[in-house]
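Each remark here refers to the structure printed beneath this line.
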Amino acid sequence: MSHINYDELSFDDEDELKFPRPTIQGFDAVVESAISRRGFLGGALAFGSGAAVMGAGVLTGTAAEAQQTSRFAFEQITPQTDGTVHVPNGYRWDVLARWGDPLFSDAPAFDAATGIPTEGSDRVFGENTDGMELFVIGGKELLVVNSEYVNGGINLPAEQNGQPASADDVTRLQNFQGVTVMEVTEGDEGWKVVVDSPYNRRIHHRTPMQIDGPAAGHDLMKTSADPTGTTSLGTFNNCGSGRTPWGTYLTCEENFNSYFGTTSELTLEDATADGFARYGVNTEIDPGRYNYHGFDARFDLSKEPNEPHRAGYIVEIDPSDPTSTPIKRTALGRFKHENAASVVAPDGRVVVYMGDDERGEYMYKWVSRDVYTPGGDTSTLLSEGQLYVAKFNDDMTGTWIALTPEDTGMSAAEIAIFTRIAATQVSATTMDRPEWIAVNPTAIEAYCCLTNNSRRGATNDDGSVRTNAAGEPMVVNAPNPREVNNYGQIVRWRPHHDDHAASTFDWDLYVMAGNPTVYTEGLYAGTANINAGNLFNSPDGMQIDSTGMIWIQTDGNDDNEGDFLGMGNNQMLAGDPVTGEIRRFLTGPNGSEVTGLTWSADRRTMFVGIQHPAAPFPDGEGALPRSSIVTVKRVDNALVG
Ligand code: FEO
Ligand code: CA
Ligand code: CA
């Protein structure tokens with residue numbers, strides 16, 4: 001039995017603990033680091049001279065635009081350190097759904113001490129709410145929500161230390177994760193879930209999936225249960241979300257590696273071993289975070305070494321048909337997918353931006369081969385296209401490098417399965433953990449949260465430099481300019497030719513989070529749009545509303561001390577892309593991450609996710625902490641985005 005308390009361990013910390021990345025030795029790496037640093041400083045001067053603020057003005061418009069009156073409809077709230085949610089004066093929040101709330105009237109009741117039993121655990125709202133999108137189908141509002149992972153410590157008997165002790169325990173954990181489709185409606189008493197709606201559905205770790213795209217049918221995708229390599233069971237670690245122009249939901253498989261392990265010594269093919277190393281699949285005999293492999297042979301690498309190759313994708317779900325089979329779209333690559341931000345290019349092709357959330361991994365873009373025609377057949381639009389990886393230049397331009405067989409030496413199927421390895425072949429830019437990407441509907445630009453990277457530029461006692469999983473040294477570079485970056489930044493780019501399908505772009509930093517009250521100058525003070533009043537760290541979730549305001553959610557250090565003094569609990573802020581101004585809008589209960597945001601059809605309600613509270617949120621003293629979705633409205637019921 002493991003002595004690691006996984007409920008206290010983030011996936012980033014787990015990567016560090018189990019897969020400490022190699023170090024680059026010697027003088028060359030130190031010199032390279034120094035050169036990169038000088039390169040950035042040149043860029044930083046350009047930032048600083050181009051605008052009164054570094055990063056909050058380079059790509060923005062004219063001074064006249066910057067002087068326009070504030071577009072914020074609220075007064076900023078102060079940081080909070082308590083166990084509940086806060087919103088500005090003139091707004092209210094209410095609980096819509098807690099983990100374990102029933103989707104069907106035959107669901108088991110939630111027990112305040114023990115939670116939900118295995119029987120019926122696939123009939124309730126899943127745990128650890130994350131990305132979500134709202135769809136209007138047949139006049140009904142359907143909320144489709146990811147449940148990223150489980151907290152074993154609060155939904156298994158306490159003496160088990162968060163670890164399953166039986167196949168029954170594993171089934172329960174599997175049922176609590178995945179995706180929930182639920183109809184919601186607003187009445188006199190506020191919003192509620194429509195129990196027994198024919199649209200309600202749970203998709204979990206054993207739900208049948210179709211595998212589509214270049215990887216489908218490849219030998220690396222075949223298992224004993226699926227010798228064709230075209231069907232699989234379950235979608236895993238569903239983190240951020242996306243939506244297609246044709247009304248389907250995209251769920252994004254992030255830290256899928258944590259679900260696999262082995263019960264005996266492994267002898268692996270080279271490609272498989274290399275892939276496991278690059279994606280952090282644990283090949284040691286170890287129960288790991290979930291110990292599925294101890295009770296469910298499908299997750300045991302000694303029996304099914306190809307099963308991990310069938311996770312780590314973008315999965316398309318049609319919420320309008322509760323009998324539809326989710327489709328794993330391997331054309332969009334396999335990595336630790338954060339979210340999927342879609343936009344239609346001027347010629348009708350579909351562009352999907354995606355981040356790979358691990359230290360020193362990359363940002364990606366996919367462009368469909370075929371064009372989207374409203375009302376036309378969309379069933380294969382995500383099946384074929386071109387995957388690109390981002391290269392950022394110090395002169396604030398960038399290139400999307402195509403991942404082709406010619407340039408990577410890999411087949412189309414291998415590129416789809418080992419996308420990270422393909423991207424390394426073409427010298428993509430290592431990033432500070434790309435989290436959510438959002439496309440601005442009011443301007444031809446997009447943003448990516450680079451949440452933090454505590455190991456960028458870090459050296460060991462002997463001067464060796466930390467690397468990413470590919471062995472590339474994580475020296476500072478222009479969009480990731482800070483060593484030991486605990487605060488994070490948001491990079492913004494504008495595609496050339498006003499075309500998101502274009503292969504080149506200009507970029508800047510919309511914001512570098514920091515703490516100007518602790519660091520009065522320098523990079524750790526943050527950009528000039530950070531001040532004592534709006535401190536935050538680790539931007540993660542992000543959506544841009546129909547008016548073009550950027551909503552930023554955080555998943556960072558909430559100690560509220562030292563470098564993080566004055567930041568308080570994790571939170572949601574709003575940013576004006578034109579002026580750069582950022583204001584704190586909402587604070588979460590302590591221990592929680594604020595993640596997932598969407599709007600009601602009438603744009604008078606925001607749905608906000610509160611994941612993994614430590615406090616007994618939302619039911620108070622004596623209750624289990626429960627990840628929940630809250631609604632936020634203006635008291636006067638005016639528009640909120
Ligand atoms: Fe699940 Fe990268 O956040
Ligand atoms: Ca996230
Ligand atoms: Ca995060």
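Whatever order the structure lists them in is the order used to number ligands and atoms, beginning at 1. What you see is a predicted model; the values in this text were computed from it and never measured.
Between atom 1 (Fe) of ligand 1 and E148 there is an N/O/S contact shorter than 2.8 Å. None of the N, O or S atoms belonging to D12 lies under 3.0 Å away from the Ca ion (ligand 3). In summary, no N, O or S atom of D555 is located under 2.8 Å from atom 2 (Fe) of ligand 1. Inclusion of D357 in the first shell of the Ca ion (ligand 3) is not supported: no N, O or S atom falls under 3.0 Å. Contact annotation: E593 places no N, O or S atom under 3.0 Å from the Ca ion (ligand 3). Residue contact annotation: D540 places no N/O/S atom under 2.8 Å from atom 2 (Fe) of ligand 1.
Ion pairing between E16 and R359 holds under the 4.0 Å rule for side-chain N and carboxylate O. Salt-bridge annotation for D101 and R626: present, with a side-chain N of the basic residue lying under 4.0 Å from a carboxylate O of the acidic one. Using a cut-off of 4.0 Å between Lys/Arg side-chain N and Asp/Glu carboxylate O, R278 and E361 are scored as salt-bridged.
The SG atom of C239 and the OE1 atom of E254 subtend an angle of 90° at atom 1 (Fe) of ligand 1, given to the nearest 10 degrees. Seen from atom 2 (Fe) of ligand 1, atom OE1 on E338 and atom OD2 on D357 lie at an angle near 110° (rounded to 10 degrees).
Just one residue in the list I550, L573, D555, I490 forms a side chain to side chain contact (heavy atoms under 4.5 Å, CB included) with P539, and that residue is I490.
For the residue pair Y447 / E445, a side-chain donor-acceptor distance below 3.5 Å is found, with atom types taken as modelled. For the residue pair D130 / N146, no side-chain donor-acceptor distance below 3.5 Å is found, with atom types taken as modelled.
In terms of distance to the Ca ion (ligand 3), the nearest N, O or S atom of E435 is named OE2. When distances from the Ca ion (ligand 3) to the N, O or S atoms of D555 are compared, OD2 comes out shortest. Looking at D540, its N, O or S atom nearest to the Ca ion (ligand 3) turns out to be OD2. In terms of distance to atom 2 (Fe) of ligand 1, the nearest N, O or S atom of E435 is named OE1.
The aromatic rings of W599 and W551 sit perpendicular, their planes meeting at an angle over 60°, well past the 30° parallel limit.
Listed for the W436 side chain is no donor-acceptor partner under 3.5 Å among the backbone atoms of C449.
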